[in-house]
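Lettering follows sequence order; numbering is per chain, from 1. Everything numeric here is computed off the predicted structure, so don't read it as measured data.
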There are 2 protein chains.
Amino acid sequence: MTTLVEVARAAGVTAATVSNVLRNRGKVGEETRRRVLAAVESMGYRPNLMARALVEGKPHTMALVVSSIANPFYPEFALEVERAARKLGYFLLVCNTNDDPAQERAYLDAVGGALAQGVIVMNADFVQLDALQDLRRRGVPVVLCMWERPQEPPPLPCVAVDLYQAGVLAAEHLLRLGHKRLGAVCGSEPTGNHQWRLRGFIDTVQKAGVELPASHLRYGHDTIDDGRNAAHSLLAGVPGLTAVFATNDLPALGVLQAAAELGLEVPRDLSVIGVTDIQLAHQMRPALSTVAMPTAEAAMLAVQMLQSEITAKPDHPLPISITEPPRLVVRASTGKPRG
Amino acid sequence: MTTLVEVARAAGVTAATVSNVLRNRGKVGEETRRRVLAAVESMGYRPNLMARALVEGKPHTMALVVSSIANPFYPEFALEVERAARKLGYFLLVCNTNDDPAQERAYLDAVGGALAQGVIVMNADFVQLDALQDLRRRGVPVVLCMWERPQEPPPLPCVAVDLYQAGVLAAEHLLRLGHKRLGAVCGSEPTGNHQWRLRGFIDTVQKAGVELPASHLRYGHDTIDDGRNAAHSLLAGVPGLTAVFATNDLPALGVLQAAAELGLEVPRDLSVIGVTDIQLAHQMRPALSTVAMPTAEAAMLAVQMLQSEITAKPDHPLPISITEPPRLVVRASTGKPRG
DNA sequence: TTGAAAGCGCTAACAC
DNA sequence: GTGTTAGCGCTTTCAA
């Protein structure tokens with residue numbers, strides 16, 4: 001590997017000068033500058049980022065901790081974070097914990113061990129807020145991203161999306177279309193991650209005077225399969241259902257499949273709406289109506305917040321950024337009820 | 001940030017001793033050891049991985065360069081690489097180039113600049129072998145993964161999967177079921193990445209005496225949408241088609257959708273088979289028959305190969321690993337032709 | 001405008 | 001067993 005000193009020697013100067021040339025510090029003679037650049041070029045020199053990080057006291061690296069990439073939303077979000085990080089000059093270390101707390105612990109230690117300058121953690125069902133607070137107390141910048149309830153923030157810097165609103169928007173859309181027999185499929189436990197989306201939906205529906213008893217609700221995991229099973233159970237248990245809200249796109253796609261298996265035509269016999277707007281949502285047929293998350297914005301805010309955390313003084317107040325509200329995207333899976 | 005020296009001071013020893021304790025180098029008195037550990041614990045010390053990397057001459061980091069994560073296969077593969085890397089004690093830096101050569105260049109420079117010890121590059125349509133060879137010449141370990149044609153290896157260390165075989169297996173499966181009117185949808189240009197899969201299919205079909213003129217072939221991108229469009233064109237242009245091979249799962253899902261839109265029942269009216277076995281393949285309905293890639297194995301081999309490249313002497317012969325052959329996975333989208 | 005020197009946090013020889 | 005020393009590749013005062 002070519003080092004700075006070797007380049008310097010080749011150019012007949014000293015390491016400091018080469019460094020100055022490379023960082024455009026000015027104060028370098030034009031002639032010297034040319035010689036140095038030539039040497040750099042011909043030797044294929046690349047600065048050792050680790051060494052630079054060491055002396056500067058910071059690696060230009062952020063870490064993103066995701067719990068699983070089984071759900072296609074995570075990679076899509078990771079992509080956005082990567083983009084945002086690059087824009088600010090950071091590299092992104094992606095840490096997949098596979099829903100394994102030990103793995104997460106190991107990653108956080110490593111990151112706390114200065115592999116990255118800070119860490120963005122995807123809010124997921126099982127996030128261990130305690131471990132993250134510890135980390136933060138030890139001086140490692142941490143940002144929690146995609147917190148779903150801005151009104152009740154976590155004890156960490158966070159980027160929040162008001163997903164209660166997502167439930168509200170979905171409900172309003174279905175009610176506006178004239179649906180009165182509604183069901184919902186929740187992609188988490190009742191007290192889990194998706195609870196707010198569901199509450200927004202329930203509150204809005206009930207406020208409109210439409211009944212939505214517990215028997216119209218199903219809970220499961222955030223997967224296509226669970227969505228399909230829930231839909232089968234729902235359609236069997238609640239006669240006359242005309243619309244289903246799923247707290248995420250994956251289960252919504254499962255509902256679509258269940259409908260197809262039962263010979264129901266969407267949206268004529270059943271309207272279906274999800275949340276997130278993953279890529280699949282518009283690629284499937286019928287294309288899925290959904291409430292889109294401001295993914296790119298959340299990613300950008302998270303990266304920016306992490307950057308401020310990195311430079312912030314200790315004991316500054318806990319920051320929180322709130323994204324634009326989610327947005328209704330009407331596609332082909334929702335329509336007026338029959339009759 | 002707590003450093004080694006601070007810990008040493010607190011424990012009343014010197015940095016070397018702390019280091020010895022932490023690395024379990026033995027030769028440390030039990031009593032001292034205890035004191036050191038206590039200090040480490042109470043001060044929340046974490047070794048600075050950058051410093052360690054610098055002195056050891058290697059970061060425990062590998063980079064994975066992927067061109068895009070629009071295609072769900074990439075994240076799934078990235079996950080496997082991450083797992084394999086972790087198993088060998090490496091962290092994984094994920095570099096998404098967004099199909100942008102400049103971005104790729106920037107990443108490769110950074111990685112060549114010792115952010116990572118080496119780089120695994122996903123074989124994609126547009127991989128720039130030249131740039132990679134340059135990098136390798138500069139001494140950066142590079143492994144190309146998922147090369148599709150072991151018989152014609154690239155000028156780089158690589159992990160190859162014989163995807164010609166994938167085409168063969170798909171063809172044999174369809175022929176065995178009795179199909180005689182076949183079509184194919186290729187997820188790349190005729191000379192693109194998927195050409196071998198298609199050739200395997202064509203060769204096998206023709207060897208069996210079944211005709212497969214160019215009019216039964218469609219080319220496009222590796223997306224659901226292109227698969228759907230190709231299928232519409234194919235089904236309109238070739239009457240009596242009973243089975244379609246898609247060179248990837250995504251276009252295969254598109255074919256499934258086209259069939260549904262045309263009121264065709266799968267597999268009664270049309271059999272569909274893809275390649276890869278992404279997660280969606282078994283989550284969709286009908287579940288997709290496909291030829292599964294040995295993803296986890298390829299990931300492991302790539303990581304292992306990169307590790308040997310890292311420790312290999314210069315000018316060693318170009319290594320190539322070949323995975324197990326792809327495997328036929330029969331699900332619900334293929335069956336006997338009607339009549 | 002350029003060079004010399006110190007030091008980032010850590011490890012590895014070697015000496016004590 | 002433990003400490004001393006040197007140095008990884010780089011940046012950054014400070015002198016020349």
Problem - Where B:P294 and B:T323 come nearest, the two heavy atoms and their spacing - result: CG-OG1, 3.3 Å

Problem - Greater than 12 external heavy atoms within 6.0 Å of A:E41's CD - result: no

Completion exercise
Rounded to whole Å, CG of A:L54 lies from C1' of C:dA6 at a distance of 14 Å

Exercise for the section: For the residue pair A:R52 and A:R23, establish whether any side-chain heavy-atom pair is separated by less than 4.5 Å. Expected result: yes

Exercise for the section: Determine whether A:V5 and A:V18 make a side-chain contact, defined as any pair of heavy atoms from C-beta on separated by less than 4.5 Å. Expected result: no

Problem - Lys/Arg-Asp/Glu bridge criterion (N-O < 4.0 Å) met for B:E80, B:R83 - result: yes

Problem - Nearest-angstrom distance from the residue atom CG of A:N24 to C1' of D:dT11 - result: 15 Å

Problem - Distance below 4.0 Å between B:T17 side-chain N/O and D:dT2 OP1 or OP2 - result: no

Practice task
Starting at the 5' end of nucleotides 10-16 of chain C, put B wherever the base has a protein heavy atom under 4.0 Å, S where only the sugar-phosphate does, and a dash everywhere else.
Solution key: BBB----

Exercise for the section: Using a 4.0 Å heavy-atom cut-off across all strands, classify A:G29 as base, sugar-phosphate, or nothing. Expected result: sugar-phosphate

Practice task
Find the distance A:Q117:CD to C:dG9:C1' and express it as a whole number of Å.
Solution key: 16 Å

Completion exercise
Atom NZ of A:K58 and atom P of D:dT11 are separated, to the nearest Å, by 12 Å

Practice task
Any chance you could lay out the side-chain contact (heavy atoms from CB on, under 4.5 Å) test for A:E82 and A:F91, step after step, and finish with the verdict?
Solution key: CA-CA 7 Å; A:E82 204 251 16; A:F91 291 92; over 6 Å; no

